[in-house]
Every structure is written in structure tokens, then in C-alpha cells.
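Presented below is the structure to which this report refers.
Whatever order the structure lists ligands and atoms in, that order sets their numbers, starting from 1. Below, all heavy atoms of this structure are taken into account, side chains as well, without hydrogens, waters or symmetry copies. Note that the coordinates shown come from a computational prediction; the quantities given were computed from them, not determined experimentally.
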Amino acid sequence: MTMMRAIGLMSGTSLDGVDVALIETDGEDVKVVRSHNGYLEPLGPTGYRGYTDEDRELLRRALSDSEAVVAREDRPGCLAEAEAFVTAAHAEAVEAFLSANGLSASDIDVIGFHGQTVVHRPDQRMSVQIGDGAALSRRLGIPVVSDLRHADIAAGGQGAPLVPVFHKALAKAAGFEGALGILNIGGVANATLIASNGDVIAFDTGPGNALIDDWMRERTGRPLDDGGRTAARGRPDEPLLAWLLTHPFFFRRPPKSLDRNWFSHKLAGQLSTEDGAATLTAFTARAVARALDHAPEIPTRWIVAGGGARNGELVRLLNYHLRTEITTADAIGWSSAYLEAQAFAHLAVRSLKGLPITFPSTTGVREAMTGGVLARPEA
Ligand SMILES: Nc1ncnc2c1ncn2[C@@H]1O[C@H](COP(=O)(O)OP(=O)(O)OP(=O)(O)O)[C@@H](O)[C@H]1O
Ligand SMILES: CC(=O)N[C@H]1[C@@H]2OC[C@@H](O2)[C@@H](O)[C@@H]1O[C@H](C)C(=O)O
């Protein structure tokens with residue numbers, strides 16, 4: 001099949017910025033190259049457009065104002081302003097990326113545009129990602145696929161996670177054998193479990209970095225615990241941790257997905273900065289370990305991606321709780337930081353071709369289905 005050149009754009013729940021990645025894919029197989037250390041990695045450059053404090057403040061207000069959303073078209077409070085900003089920030093990110101890599105719009109077949117999640121209520125069949133795909137397509141002169149969660153959620157699925165079909169393509173390209181776990185630790189964490197016979201299940205495991213980030217911002221003014229160094233100096237509050245893990249979410253059978261706002265860093269309340277960071281970091285790690293309760297086959301290899309892979313204390317705890325050695329995505333030639341953006345490039349091509357992007361075992365939707373809305377520049 002012919003390979004297409006696709007750009008994926010992700011602005012995740014951490015609200016840190018726009019990730020940009022170009023890959024070549026036919027929607028089934030991803031073009032890979034052998035990296036310097038012998039692993040197979042997706043071919044293509046990546047880019048990033050960080051949010052300023054002011055940008056992040058607007059997005060935070062948008063998250064809060066979005067509580068008033070009743071129908072998915074609603075844009076209460078600052079949501080319309082935030083949506084225009086998200087579209088413009090993504091356009092700038094792509095323009096800078098193209099020029100940095102000597103590319104022009106005609107070199108790109110399609111863009112997969114995730115947008116910024118502001119509402120995720122699968123029980124109400126609603127998940128809203130702000131960002132205007134049609135406007136982005138017109139500005140860039142490139143076809144854009146957006147709104148990739150809606151069809152699934154409207155059909156009764158969780159609308160998340162969407163990356164598993166890309167994880168599976170990467171695992172196939174790498175030729176991994178045996179049961180494999182792929183963990184993405186963004187604001188929220190999600191796991192893809194691939195059994196030795198190729199069967200896939202996927203679900204959100206619980207909070208990722210979001211609570212740690214919120215805690216650090218409140219206590220230190222810096223929005224992350226660099227390397228997990230603060231957590232490493234503290235002691236987790238065991239009774240609080242045990243209580244947090246009694247939340248019904250952890251007992252629900254997958255597929256399941258989580259909204260960023262279902263848990264709050266305020267739960268660590270009165271603890272010292274270090275002990276609070278240690279407790280919230282341990283919470284993320286133990287919530288991930290609860291994934292093993294739902295695994296049809298215990299993975300013998302775990303690959304960890306997302307910003308959380310750079311939190312040394314979190315990785316140390318995961319090594320302990322997952323009972324097997326874990327490897328960071330970067331160590332095997334995959335990109336910890338850009339895997340999700342690459343996934344949305346792959347998903348856009350699958351959407352263009354009408355291939356399924358969600359499955360009963362990944363979102364709980366009744367049957368495998370495609371999704372996404374295509375906008376063409378001339379429309
Ligand atoms: N050096 C570091 N030390 C500790 N944590 C880090 C480091 N670098 C990044 N992070 C964490 O990673 C987060 C960003 O992760 P990532 O970009 O994967 O999230 P996202 O894509 O926004 O989220 P999601 O996957 O939920 O959509 C930061 O907010 C921070 O918590
Ligand atoms: C609703 C939403 O935006 N969910 C995100 C979030 O961030 C991580 C986790 O929660 C995952 O379910 C999803 O993103 C990834 C990209 C996904 O859909 O696979």
C-alpha cells in the first residue's frame with residue numbers, strides 16, 4: 001500500500017504545549033528506520049510549540065468554564081476564545097515545523113489534529129476537544145482530520161484511549177514477542193496490553209502527572225517535579241494512599257477512561273511538599289500496577305512513554321510495582337515525548353481510509369469503528 005506523509009498534533013492534558021510529529025504510514029504499517037542502537041524507530045522529524053504561562057492560564061480557565069457545557073457545541077465563558085487560541089497555536093506549530101524541516105504544505109498528505117480536551121464525560125456520551133479543524137485546514141492548505149473521539153463516544157464507547165492501534169503497529173514493526181505492556185504517562189496515564197497472540201486491551205489506569213504537576217505548582221510555583229526529586233525526598237502517606245486506591249474507578253473492569261478532573265491534588269491537603277509529592281507519585285505508580293488485575297496475560301516487557309518517563313522516582317516505583325523490568329520508550333528508539341503526536345498522524349490516515357480506530361477491547365464500543373471528521377482546505 002502507498003505510504004502517506006502525515007503530521008500528528010497533540011495538546012495533552014498536561015497543558016504543556018503542542019507536540020508535532022511527521023510519520024510515513026499507510027494506516028496499517030508505519031515506516032521505521034534502524035536507530036543508532038539497533039532498534040526500529042518511526043521515521044520523521046518532531047517539533048514542539050510550548051504554551052506560555054498566559055496561554056496555560058487561558059486553557060485552565062477553559063477547563064473550569066467547560067463544566068457548564070451541556071451540549072457539545074456549547075462554548076460558555078472563555079471557551080470560544082480558548083478554541084480560537086488552540087487553533088492558532090496549532091497552526092503556528094505546524095508552520096514553524098514545516099519551515100524548520102524545509103517542507104511545504106504540498107509535502108504533507110494529511111494532519112491528525114487532536115485538539116484540547118475540555119470535557120470528557122463518557123457516561124453522558126460527550127467528549128469535547130476544542131480546536132477548529134476546518135479553520136486549521138484552510139490556514140495551512142492541508143487536509144485535517146479532527147474530532148477523532150466523537151464517533152466512538154456517540155456509539156457508546158469511552159472515546160479513549162485512541163493510541164492503542166498505533167502502539168500495536170509499532171510493536172509489530174519492532175517484532176516484539178511475548179506479552180507486552182505500553183504505558184503512556186501524560187496528565188492521565190493509559191496502558192495498552194498486547195498479549196502474545198496479538199490480542200489488545202487498553203484503558204486509562206488513573207492519574208498520570210496531572211496531580212503531581214498541580215501539587216508542585218501550588219507549593220513551589222514550578223509546574224512539575226523535575227526528575228521526581230521532590231518525591232524522592234518525601235515519604236508517602238500510606239493510609240491516604242490506601243484510601244485513594246479504594247476509588248471505584250480502580251475496581252471497574254476495562255475498557256475505561258478518566259477525566260483529568262476526577263482526582264485532585266488537594267487530596268494531599270496538609271502534607272509537606274515532599275511527602276505530598278511522594279504520596280501523589282506513589283498513587284500514580286500503584287494505580288498503574290492495578291492494571292495487572294485486569295491483564296489477561298501479565299506483560300513480560302513494559303515500555304513507558306509520555307512525560308512521566310522522565311520522572312525518575314516514578315519510574316523507580318513502576319519498576320518495583322510492575323514486577324518486571326521496564327524500559328523507557330526512548331531507550332528502544334521510540335519517542336517518549338512524541339509517541340502520541342505520531343499516533344494522531346497514524347489515526348488520521350486510518351480515518352482517511354475508513355479503517356477502524358477504536359475497538360471493543362480499547363474503548364468498549366460495540367464494534368470496531370472508524371472516526372474523525374475530514375476538512376479540506378478548499379471547502
Ligand atoms: N524532567 C521531568 N521530570 C518530571 N516530570 C516531567 C519531566 N518532563 C516532563 N514531565 C512531566 O510530563 C508532563 C508532560 O507529559 P506529556 O507531554 O506526555 O503529557 P500530555 O501529552 O500533556 O498528556 P496526556 O497523555 O494525558 O494527553 C509534564 O507536565 C510533567 O509532569
Ligand atoms: C479524553 C482525553 O483526552 N483522554 C486522553 C488523556 O490523556 C491520556 C489518557 O487520558 C488518554 O485516554 C487520552 O489520550 C490519549 C492520547 C489516547 O486517547 O490514547
Which N or O atoms of ligand 2 sit under 3.5 Å from a protein N or O, and how far apart is each pair?
| unit_1 | atom_1 | unit_2 | atom_2 | d |
| --- | --- | --- | --- | --- |
| ligand 2 | 3 (O) | Thr117 | OG1 | 2.6 |
| ligand 2 | 3 (O) | Arg149 | NH2 | 3.3 |
| ligand 2 | 12 (O) | Asp204 | OD1 | 2.7 |
| ligand 2 | 12 (O) | Asp204 | OD2 | 3.1 |
| ligand 2 | 14 (O) | Arg149 | NH2 | 3.2 |
| ligand 2 | 18 (O) | Arg149 | NH1 | 2.8 |
| ligand 2 | 18 (O) | Arg149 | NH2 | 3.1 |
| ligand 2 | 18 (O) | Leu162 | N | 2.8 |
| ligand 2 | 19 (O) | Leu162 | N | 2.8 |
| ligand 2 | 19 (O) | Val163 | N | 2.9 |

Problem - Shared hydrophobic cluster for Phe97 and Val110 (ILVMFWY, side-chain gaps under 4.5 Å) - result: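 Different hydrophobic clusters.
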
Handout entry: Shared hydrophobic cluster for Met10 and Val373 (ILVMFWY, side-chain gaps under 4.5 Å)
Key =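 Looking at the clustering, Val373 is in a separate group from Met10.
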
Completion exercise
So ring pair (Phe, Tyr, Trp, His ring centres under 6.0 Å) across residues 121-140, not counting sequence neighbours, yields none

Practice task
Tell me, please, which residues at least two apart from Ala135 pass side-chain contact (heavy atoms from CB on, under 4.5 Å).
Solution key: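 Testing Ala135 for side-chain contact (heavy atoms from CB on, under 4.5 Å), a comparison that skips the adjacent residues, returns Thr87, Asp132, Arg138.
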
Practice task
Flag this pair as yes if the NZ/CZ of Arg253 is under 6.0 angstrom from the six-membered ring centre of Phe203 and inside a 45 degree cone about the axis; otherwise no.
Solution key: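 The answer is no, since Arg253 fails at least one limit relative to Phe203.
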
Problem - Tyr51 and Phe85 aromatic ring geometry - parallel, tilted or perpendicular at 30°/60° bounds - result: tilted

Exercise for the section: Mind telling me whether Phe263 and Phe249 have parallel, tilted or perpendicular rings, with 30° and 60° as the class edges? Expected result: perpendicular

Problem - Those protein residues which place at least one heavy atom below 4.0 Å from ligand 1 - result: Met10, Gly12, Thr13, Ser14, Asp16, Asn184, Ile185, Gly186, Gly187, Val188, Asn209, Asp213, Leu224, Asp225, Asp226, Gly227, Gly306, Gly307, Gly308, Arg310, Asn311, Glu340

Exercise for the section: Without swapping roles, check the side chain of Asn190 against the backbone of Pro161 for a donor-acceptor pair under 3.5 Å. Expected result: no

Handout entry: Under 3.5 Å side-chain donor-acceptor pair for Asp330 and Ser336
Key = yes

